[in-house]
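Written out below as C-alpha cells is the structure these notes cover.
Quick caveat, the model's predicted, so the values are computed rather than measured.
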Amino acid sequence: MKKIVILGAGGFAREVRWLLEEINATALAWTFGGYVVTDLSRLGDHDDRENVKGDLSWLEAHAGEVDALAIGIGNPAVRLDLGMALKKRLPSLGWPALVHPTVRLDRGSCTLEEGVLLCAGTIATVNVRFEAFSMVNLACTIGHEAVIGGGAVLNPTVNISGGVVLGRGVLAGTGAQILQYVKVGDGATVGAGAVVTKDVEPGQTVVGMPARPRT
C-alpha cells in the first residue's frame, strides 16, 4: 500500500479520505498519511485539526515518507495553482487519479490525467477527457466526448451533455446543466441550478434558466 497525503483539512478533504477508504474496500491501495495545509494559522472549526500533520514545510521535510498527494480543496483556481506548484516543488510525489468504486465510465475510451478525483455515483460515458486536477463531485453525469478542463470542479448532481468543453478552472454549481456542444471558457462560473444553452466567455459568471451573464 502507498501512503497518500491530502492537501486541505476541511469537509471536502474528509470526503477525499472517505474516497480512499472506499477504494481500499475494493482493493487495498492507500494508507492515509494525514492532511497538510498551506497555512496552519487559518485552521477553523470545520477543519479536522486532529489529523493535520503540518504545512507545506512539513511535507517537504517528510516527502521521502510519502508516495502520493491528493487535493481535498474544492476551489478550481486553488486546485490548479497548488497542483502545479507542488509538482515543481516535490517532483518525486505522484498524483493518482482517484475513482470511487461506484463510478461508471468507459475505461477503454475515457482519459483521466493526474490528480483527477471522481466521486461516488458519477456516470461518464465514452471518450470523456478529465484533465489534470479536475474534480467531479457526487452523482454527476457526463456525456460522450466531453472535456473537463484542468482544475475544473463539478459540484454534486451537475449534468454535462455530450460534446461539452469546460475550460481550465471552471466551476459548475450544484445541479447545473450544460447542454450539448456548449463551450465554457477558462475560469468561468456556472451558478447552481443554471441551464447553459450557449457558450460562456472566459471568466464570466452565468446564472438562471436559461443561463445569462450575472450583472
Side-chain angles (χ1 to χ4, degrees), residues 6-8 12-13 15-16 38 56 68-91 93-99 103 105 109-119 122 124-138 140-192 194-207 211-214:
I6 298 171
L7 301 164
F12 184 62
E15 290 186 1
V16 175
T38 56
L56 297 181
L69 300 173
I71 302 179
I73 299 168
N75 180 294
V78 172
R79 294 185 65 81
L80 273 175
D81 292 347
L82 192 57
M84 298 309 294
L86 287 179
K87 276 188 64 178
K88 294 180 180 179
R89 195 165 166 179
L90 298 167
L93 300 184
W95 295 90
L98 300 175
V99 179
V103 170
L105 77 164
S109 65
C110 292
T111 302
L112 281 73
E113 296 183 3
E114 61 186 354
V116 168
L117 301 179
L118 301 183
C119 297
T122 288
T125 60
V126 296
N127 299 314
V128 178
R129 186 166 81 246
F130 299 92
E131 295 185 351
F133 305 112
S134 58
M135 185 275 282
V136 180
N137 215 316
L138 306 170
C140 293
T141 56
I142 304 169
H144 58 86
E145 282 80 47
V147 176
I148 310 301
V153 170
L154 275 58
N155 283 338
T157 68
V158 168
N159 176 258
I160 303 294
S161 297
V164 167
V165 176
L166 303 185
R168 290 170 59 83
V170 167
L171 174 64
T174 300
Q177 299 185 55
I178 303 177
L179 302 190
Q180 62 184 5
Y181 299 110
V182 164
K183 295 182 179 179
V184 180
D186 293 351
T189 298
V190 177
V195 178
V196 182
T197 61
K198 299 179 180 178
D199 290 355
V200 178
E201 295 296 319
Q204 194 171 61
T205 296
V206 295
V207 295
R212 293 185 173 88
R214 187 173 64 186

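- Listed for the Ser134 side chain is no donor-acceptor partner under 3.5 Å among the backbone atoms of Val116.
- Across all their heavy atoms, Gly173 and Val158 have their closest contact at O-CG2, 3.2 Å.
- Checked by atom type and distance alone, the side chain of Asp186 pairs as donor or acceptor with a backbone atom of Arg168 at under 3.5 Å.
- Met135 CE to Leu171 CG: the interatomic distance, rounded to the nearest 0.5 Å, is 8.5 Å.
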Evaluation steps, side chain to side chain contact (heavy atoms under 4.5 Å, CB included), between Trp95 and Glu113: CA-CA 9 Å; Trp95 295 90; Glu113 296 183 3; over 6 Å; no
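- In this structure, Arg79 contributes its side chain and Ile71 its backbone to a donor-acceptor pair below 3.5 Å.
- The minimum heavy-atom distance between Asn155 and Asn137, with the atom names listed, is C-CB, 3.8 Å.
- Once rounded to the nearest 0.5 Å, the distance linking CG of Leu166 with NZ of Lys183 reads 12.0 Å.
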Pair Leu112-Val99, side chain to side chain contact (heavy atoms under 4.5 Å, CB included): steps then yes or no: CA-CA 10 Å; Leu112 281 73; Val99 179; 3.4 Å; yes
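- Side-chain atoms of Glu131 never come within 3.5 Å of backbone atoms of Gly149 as a donor-acceptor pair (strictly under, hydrogens ignored).
- Looking at heavy atoms from C-beta onward, Thr122 lies out of side-chain contact with Leu138 at the 4.5 angstrom threshold.
- When side chains are defined from C-beta on, Ile178 counts as touching Val190, because their heavy atoms get closer than 4.5 Å.
- Although no hydrogens or angles enter the test, the distance criterion places no donor-acceptor pair under 3.5 Å between the side chain of Glu15 and the main chain of Phe12.
- Closest of all the heavy-atom pairs between Pro76 and Gly169 is CB-O, 3.4 Å.
- The CG atom of Asn159 sits 9.0 Å away from the SG atom of Cys140 when rounded to the nearest 0.5 Å.
- Nearest heavy-atom pair, Phe130 versus Ala124, reported as atom, atom and distance to 0.1 Å: CZ-CB, 3.9 Å.
- Panel note: side chain Ser109, backbone Asn127; a donor-acceptor pair is recorded below 3.5 Å.
- Proximity of a side-chain donor or acceptor of Thr125 to a complementary backbone N or O of His144 within less than 3.5 Å is detected.
- The two atoms that bring Gly150 and Leu80 nearest to each other are O-CD1, 3.5 Å, heavy atoms only.
- Separation of atoms CD (Gln204) and CG (Asp199) is listed at 10.5 Å; rounding is to 0.5 Å.
- Residues Leu69 and Leu86 meet the side-chain proximity criterion, which asks for heavy atoms closer than 4.5 Å.
- In this structure the side chain of Thr38 never reaches within 4.5 angstrom of the side chain of Val78, judged on heavy atoms.
- Electrostatic pairing of Arg129 and Glu145 does not count as a salt bridge here, judged by no charged N lying under 4.0 Å from a carboxylate O.
- In this structure, the separation between CG on Leu118 and CG on Leu105 is 7.0 Å, given to the nearest 0.5 Å.
- Side-chain contact check for Leu117 versus Val16: some heavy-atom pair is nearer than 4.5 Å.
- Shown here for Ala146 and Ile142, the closest heavy-atom pair between the two residues is CB-CG2, 3.7 Å.
- The shortest distance between side-chain heavy atoms of Arg212 and Lys198 does not fall below 4.5 Å.
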